[in-house]
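Please read the structure below before turning to the comments.
Naming: A, B, ... by sequence-line order, numbering from 1 per chain. Note that the structure is a prediction, hence the values are computed from the model and not measured.
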Amino acid sequence: MIDPRILRDDPDRVRAAQAKRGLSDEVVDRALSADAARRAAISTFESRRAEQKQLGKQIPQAQGDEKTELLARTKALAAEVKEAEAAQAVAEEEWQAALMSMPNLAAPEAPEGGEDDFVVLEEVGTPRDFAAEGFEPRDHVELGRMLGAIDLERGAKVSGSRFYFLTGVGAQLELALVNLAMEQAREAGFTQVVAPSLVRPRAMEGTGFLGQAADDVYRIEGEDLYLVGTSEVPMAAYHSDEILDGASLPLRYAAFSPCFRKEAGSHGKDTKGIIRVHWFDKVEMFVYSTLEESYAEHERLLAWEKQFLDKLELSYRVIDVATGDLGLSAIRKFDCEAWIPTQGKYRELTSTSNCTEFQSRRLDIRGRFEDGTRPLATLNGTLCAIPRTIVAILETHQQADGSVRVPKALQPHMGGLEVLAPVQP
RNA sequence: GGAGGCGUCGCCUAGUCCGGUCUAUGGCGCCCGCCUGCUAAGCGGGUUUGGGGCUACAACCCCAUCGAGGGUUCAAAUCCCUCCGCCUCCGCCA
C-alpha cells in the first residue's frame, strides 16, 4: 500500500507513477473521492458518537421524566450512530480497495517499459566458448540423466509435469548449495531461518501476491491456507503487527523454504528440464530497514547475490527490470541472469526487490524511532533458487565426457568431490 | 479429533460473577526533572496504538482500541455468538 498522504497531497505524482507502469490513473480519482467520502463519514460518525456518549453518562443519575426523556433521545441517537458507522465502513472499504489495488510507486531510476525494456547494468565473466573447446555442450536434462542427478520421468509419473526428483549427486548438490548459501548469509550477519511454506491469506495479501499474481498461487482445498511461491511471504509476515526497535535495524534474515508456483501463464514455456517447475527449494534473503537505508541495502543485497554467483564461477549479467515487470510491491528490481550454454541466452537466477513501505503498510510493520513510529521498508533477494542454479552449474561446468567440474567453493560442502562423474552413457 | 482453562495499554497484574463513577488499578521497566561526592535508594511527573478535526505534519479537542469480528443494550473489558491464538489432559502421529 502506498502512503495515503502522498495520494492526498500529491495525486499527480501517483498518476504519473501509474502511467509509468502502463496503468490507468482512473484508480487515483476513485481513491481520492473515496478518501473524501471516508473522512466525511468519519466526521459524522464521531460527532454523533460523542453526543451519544455525553448523554449516556447522564442516564444513571437521572430520575423520572428526565430519565424517560434521555432514554428516548439516546435511543434515537443510537440508531443514527449505527447508521453513520455503517456508512463509514462502506466508505472505508472503498478507499481500502482502491488503495490496495495500486502498485508501489516505481523508482525514478527504474527503466520505463515492459518485460523486454530492461537495462543491462553489468556483465560478469565470459560465456564459455564450447565451439573453441571442440565439443557440443549437453543440456542439463541430458547431463542430469547421465549423472543420475535429475529424474524427470519419475517426477512426471509421481507428481506430473514440471516435477522432478533430485537423486544421488543431484540431491547432494542441493544440500551443498543450501549449505553454501546459508554459510555466506551467516557470515554476513544474517539470521538463518527455516520458514513455513503454508501461510494464511493475510500473509499472501500483505506481500502483494493475491492481486494480479493470484493465478500463480496454490490454495489448499478446504482450508484457509496458501502455498507460498517464495519465503518472502512468511518472512514479511514474520514481523506483522509488530513495532520493532529502530536501533535493531536492519534485521536481516536468510530463509530456506520450499516454494510452489502454478506457472499458470506459462504453458509451453520451458517445458523441458527444471528451469520452470511447480516446486523448488530456495534460500531467500529478507531485510527490514528504514526507508532511508533501503536504497543502499538494495545494492548490498545485489552484491551478496553476485558474491554467491561468483563462488559458483558462473557467467551472468545484472539487469535493471523495467517498470511494467516490477510486480505490485517493488519500486525497483535487479535480476541476475546466468548464461545457459545450450539455450544461448541469459536466464534469471536471482532477483532482488526494494518494496519500501508497501508491504509494511499492509502487514502493519513499524519501527519505533525517537520521533515516533513509522512503517519500515522491506527488501528481498534470492540467494539461491536450487533447480536453476543446478542447471547453470551443470551446463557451465560440463566437460566433453559428460562429467561436471564442481566449483571450488562448493567442494567442501560436497565431501571434497571435485568432479561429478557420469553413471550412465 | 475430544474435554477443560486462558487471552487487559513493553512485561506482570486489578477489574469480568452482579454492564454505567474504567477518562482501565497497581508493580516492574523505560523517559524527564528534583535530591544526593558518583551510583543506588527516595520524591514528583510522563509512558498503548491507530484515526479524524484544527494546524506549523506543534499544542489542543474528539473517536476508536481490554486477542479479532459480530450481536444484545440508552450504555459492553464486563452479557451472548463466531473465529484466532496459547496452555493442560486424553486420543492419534513423525
Exercise. Can you list every side chain to side chain donor-acceptor pair (under 3.5 Å) pair that touches residues 160-173 of chain A, not counting sequence neighbours?
Worked result: none
Seminar exercise, completed: Heavy-atom contacts, protein to nucleotides 69-87 of chain B, under 4.0 Å, summarised as B (base), S (sugar-phosphate only) or - (none) per nt, yield ---S-BSS-------SS--
Seminar exercise, completed: Partner of B/A3 under the Watson-Crick or G-U wobble criteria, both distances under 3.5 Å, comes out as B/U88
Exercise. Are A/Gln18 and A/Arg15 close enough that a side-chain donor and a side-chain acceptor fall under 3.5 Å?
Worked result: no
Problem set entry | A/Arg368 vs B/U49: side-chain N/O to OP1/OP2 distance below 4.0 Å | yes
For this session: Determine the interplanar angle of the A/His278 and A/Phe163 rings, folded into 0 to 90°, and report it as parallel if under 30°, tilted if 30 to 60°, perpendicular if over 60°.
Result: tilted
For this session: Rounded to whole angstrom, note down the P distance from B/U82 over to B/A75.
Result: 23 Å
Problem set entry | A/Arg388 to A/Phe280, cation-pi by 6.0 Å centre distance and 45° axis angle | no
Exercise. Say you pick atom C1' in B/G69 and the same atom in B/A76; how far apart are they, in whole Å?
Worked result: 15 Å
Problem set entry | Which residues share a salt bridge (charged side-chain N to carboxylate O under 4.0 Å, His left out) with A/Glu51, sequence neighbours left out | none
Exercise. How far does the C1' atom of B/C83 sit from the matching atom of B/G7, given to the nearest Å?
Worked result: 14 Å
Problem set entry | Interface residues of residues 85-94 of chain A with RNA chain B (non-hydrogen, below 4.0 angstrom) | none
Exercise. Looking only at side-chain N and O atoms, does A/Lys53 come under 4.0 Å of OP1 or OP2 in B/C62?
Worked result: no
Exercise. In the strands shown, is B/C30 matched to any nucleotide by a Watson-Crick or G-U wobble pair with both distances under 3.5 Å, and which?
Worked result: B/G46
Please tabulate, for side-chain N and O atoms in residues 222-230 of chain A, each donor-acceptor pair with protein atoms closer than 3.5 Å (sequence neighbours left out).
residue  : atom : partner  : partner atom : Å
A/Asp224 : OD1  : A/Arg219 : NH2          : 3.0
A/Thr230 : OG1  : A/Glu232 : N            : 3.0
A/Thr230 : OG1  : A/Lys282 : NZ           : 2.8

Problem set entry | Contacting residues from residues 34-46 of chain A, given that a heavy atom lies under 4.0 angstrom of RNA chain B | A/Arg38, A/Arg39, A/Ile42, A/Phe45, A/Glu46
Exercise. Counting just side-chain N and O atoms, does A/Arg48 come under 4.0 Å of either OP1 or OP2 of B/C63?
Worked result: no
Exercise. If you measure from CD1 on A/Ile386 to CG on A/Leu177, what distance do you get to the nearest 0.5 Å?
Worked result: 5.0 Å
